[in-house]
Amino acid sequence: MRLITYSRAADAAGAITTVSSDPTSDFLAGGTTEIDLLRQNVLTPRRLVDINALPLTGVEQAPDGGLRIGALARMSEVAASPLVRERFPVIAEALESGASPQLRNMASMGGNLMQRVRCPYYRDTASPCNRREPGTGCSAVEGFSRGHAVLGTSEHCIATHPSDVAVALAALDARVHTHGSRGEQTYSIDDFFLTPGHTPHREHPLEHGELITAIEVPSSPVARRSLYLKVRDRESYEFALVSAACALSLVDGTIADVRLALGGVATKPWRAHRAEGVLLGAEAGRESFTEAARVELADARPTANNAFKTGLAQRVIVRALETLTANGRTS
Amino acid sequence: MSVRGPSLTERGPGLEERGPGPVPVTLSVNGAERELEIEPRVSLLDALREHLDLTGPKKGCDQGACGACTVWVDGRRVLACLTLALSCEGREVTTIEGLAGPDGELHPMQRAFIAQDAFQCGYCTPGQIMSAVALTAEGHTRDDDEIKEWMSGNLCRCAAYPHIRAAVRAVRDGT
Ligand SMILES: Cc1cc2nc3c(=O)[nH]c(=O)nc-3n(C[C@H](O)[C@H](O)[C@H](O)COP(=O)(O)OP(=O)(O)OC[C@H]3O[C@@H](n4cnc5c(N)ncnc54)[C@H](O)[C@@H]3O)c2cc1C
Ligand code: FES
Ligand code: FES
């Protein structure tokens, strides 16, 4: 592993000033992405600034009834929070479906949103990769792409966004709060994640040294009846092939409110706006569910290896909706 | 040996910068304060194995994918391969070597692993046991499905899984 220096930040201002003014430095939270990719020579910081002592922990109810999650709250703490489990089950389920218990004890929520793609070519410094080295080309487009995206891709990159919890947060219109040299900023979750387009190396709009301080989930009564459905190659400790975060409420058999987002199929946590458009006001049932799934995947651009994802994603959407509308799951 | 290129010794403003060469560190491991000189890049796993002769934690993948390196930091199970040793200053690290009583009496989970024959080659075993004790304390031992899910961060290439679950059940049931 490359040589690094280490600093421990005592306050947010010190961490932000240090990293903002030194392009060769990175924040270190749980380290489960940063240390892994440093060892693979994919990330090449000269200096790590440990932010684990900053007071950015906690999972609290916001005044509006929403949720405020500190950037350094660990995945395991957030998943175990009674508030989250009761009001936002989709968040707890997405978290507990991710990584392993050990990793969830280490991994922070801010780090989770900043995790890098798991594309094998990105992790292999011998392969061309536009995300790692802009302009070198995308090895996955013509290469092994079974796990890659079918939505939101470009000719420059087709890697899927790997986070599970970000899919739940996308469904619930979360906001990401940051602090940087430009002061405090708030991003909608949709603006926080960028599709690759011509600039796959730009994964989010943050400037270097901009620190995520908290994630806010607005009050959403519909989230009380919500779920995360994750389909993968093995039952646990694996990233999604396809996943769905879904919340729904019914009035007399009609869909009164619905949130749907997809993971594993797109280059960013994918809010299924088109499917929601079909579902809202429709009668809950196989017919509307299938139509919603079809419409959402209509623009899918599969590769030679991952055509199965288009159909699988549709079945996952239908199953998530059927599970939620089955007895007891919806109000 | 550490190499000090010009870019490596250049200091940014603000925070104290340690390294990249070896720096003195005190780690609290299995109840004892241990002093060592290590580069900041050294993982907790390498510090334990290469510098403190605690070779119980194993290096399976060095990428967070197998769980062989599982130890506890402040009582929580974590992966030593993705943890920097320096980030553990001021924290309590526990390895498999720290599980037995002062008289050397094995922890009930260690005894259960032996009684249930919960290993073949034994390479994954220290990590499995550190996870299994944590899992029991976390209360995730309701049934086999729950044990399976919450032990899924520890792979076993010998596939001793059914016997590992039997050991966890035995400790849960006090049998
Ligand atoms: C084997 C394995 C399996 C995994 N499986 C899953 C899975 O199934 N689902 C899933 O969702 N994830 C999975 N992950 C990814 C894991 O969830 C992330 O690595 C983790 O959430 C990152 O958080 P961290 O605190 O460890 O971040 P770090 O590694 O410390 O940091 C990650 C990046 O974010 C930056 N950063 C950290 N905190 C902040 C902040 N507050 N503000 C700004 N920048 C910051 C760092 O500089 C770094 O570049 C897996 C990881 C591994 C190793
Ligand atoms: S060696 Fe740490 S998880 Fe494999
Ligand atoms: S006993 Fe051999 S790897 Fe588990």
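Quick caveat: nothing in here was measured; it's all calculated off a predicted structure. Throughout, protein chains are lettered first and strands after them, A, B, ... in sequence-line order, and every chain is numbered starting at 1.
Taken to the nearest 0.5 Å, the CZ atom of R77(B) stands 9.5 Å off from the OG atom of S76(A). Remark: Q102(A) CD to C69(B) SG distance equals 8.0 Å, nearest 0.5 Å. For the atom pair CG (L86(B)) and CG (D50(A)), the distance works out to 9.0 Å, reported to the nearest 0.5 Å. To the nearest 0.5 Å, the span separating OG on S236(A) from NZ on K148(B) amounts to 10.5 Å. Taking OG1 of T32(A) as the reference point, atom CG of L79(B) lies at 9.0 Å (rounded to 0.5 Å). For the atom pair OH (Y237(A)) and CG (N154(B)), the distance works out to 7.5 Å, reported to the nearest 0.5 Å.
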Before giving the answer on side chain to side chain contact (heavy atoms under 4.5 Å, CB included), spell out for R39(A) and L82(B) the whole-Å C-alpha distance, their side-chain angles and the decisive distance to 0.1 Å.
-> CA-CA 9 Å; R39(A) 192 169 286 137; L82(B) 295 184; 3.9 Å; yes
Under the side chain to side chain contact (heavy atoms under 4.5 Å, CB included) rule, what do R123(A) and Q63(B) come out as? Steps first, then yes or no, please.
-> CA-CA 11 Å; R123(A) 293 175 62 84; Q63(B) 349 189 328; 3.2 Å; yes
Would V49(A) and L15(B) count as a side chain to side chain contact (heavy atoms under 4.5 Å, CB included) if you check the C-alpha gap in whole Å, the side-chain angles of each, and the deciding distance to 0.1 Å?
-> CA-CA 9 Å; V49(A) 175; L15(B) 301 175; 3.7 Å; yes
Kindly indicate, with the supporting measurements, whether the criterion salt bridge (charged side-chain N to carboxylate O under 4.0 Å, His left out) is fulfilled by E77(A) and R76(B).
-> CA-CA 11 Å; E77(A) 290 161 2; R76(B) 290 150 56 101; 3.6 Å; yes
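Only the side chain of Q40(A) comes within contact range of chain B, with at least one heavy atom under 4.5 Å from a heavy atom of that chain. Proximity to chain A (any heavy atom under 4.5 Å) is shown, for C61(B), by neither the backbone nor the side chain. Heavy-atom distances place both the backbone and the side chain of D36(A) under 4.5 Å from chain B. At a 4.5 Å heavy-atom cutoff, the contact between L28(A) and chain B is made by side-chain atoms alone. For L48(A), the part sitting under 4.5 Å from any heavy atom of chain B is the side chain, from C-beta outward, and nothing else. Residue contact with chain B, scored on non-hydrogen atoms closer than 4.5 Å, is absent for T33(A).
Using a cut-off of 4.0 Å between Lys/Arg side-chain N and Asp/Glu carboxylate O, R8(A) and E89(B) are scored as salt-bridged. Look at R46(A) and E17(B) and you find a salt bridge, because one of the NZ, NE, NH1 or NH2 atoms lies within 4.0 Å of a carboxylate O, short of that distance.
Contacts of residues 110-137 of chain B with chain A at a heavy-atom distance below 4.5 Å involve S131(B), listed in sequence order. Heavy-atom neighbours of chain A within the stretch residues 46-59 of chain B, taken at a separation under 4.5 angstrom, are nonexistent. Interface with chain A: from residues 94-102 of chain B, no residue qualifies, criterion being any non-hydrogen pair under 4.5 Å. Taking non-hydrogen atoms and a 4.5 Å limit, the residue list of residues 164-175 of chain B in contact with chain A is empty.
For the pair P101(A) and W150(B), the tightest heavy-atom approach, listed with the atom from each and the gap, is CG-O, 3.4 Å.
Counting heavy-atom pairs under 4.5 Å between each of M1(A), E235(A), E34(A) and chain B puts M1(A) at the top. Taking V23(B), V42(B), D62(B) one by one and counting their heavy-atom pairs under 4.5 Å with chain A, the maximum is reached by D62(B).
For the pair R47(A) and R18(B), the minimum side-chain heavy-atom distance is 4.5 Å or more. Between I4(A) and P20(B), the closest side-chain pair of non-hydrogen atoms is not below 4.5 Å.
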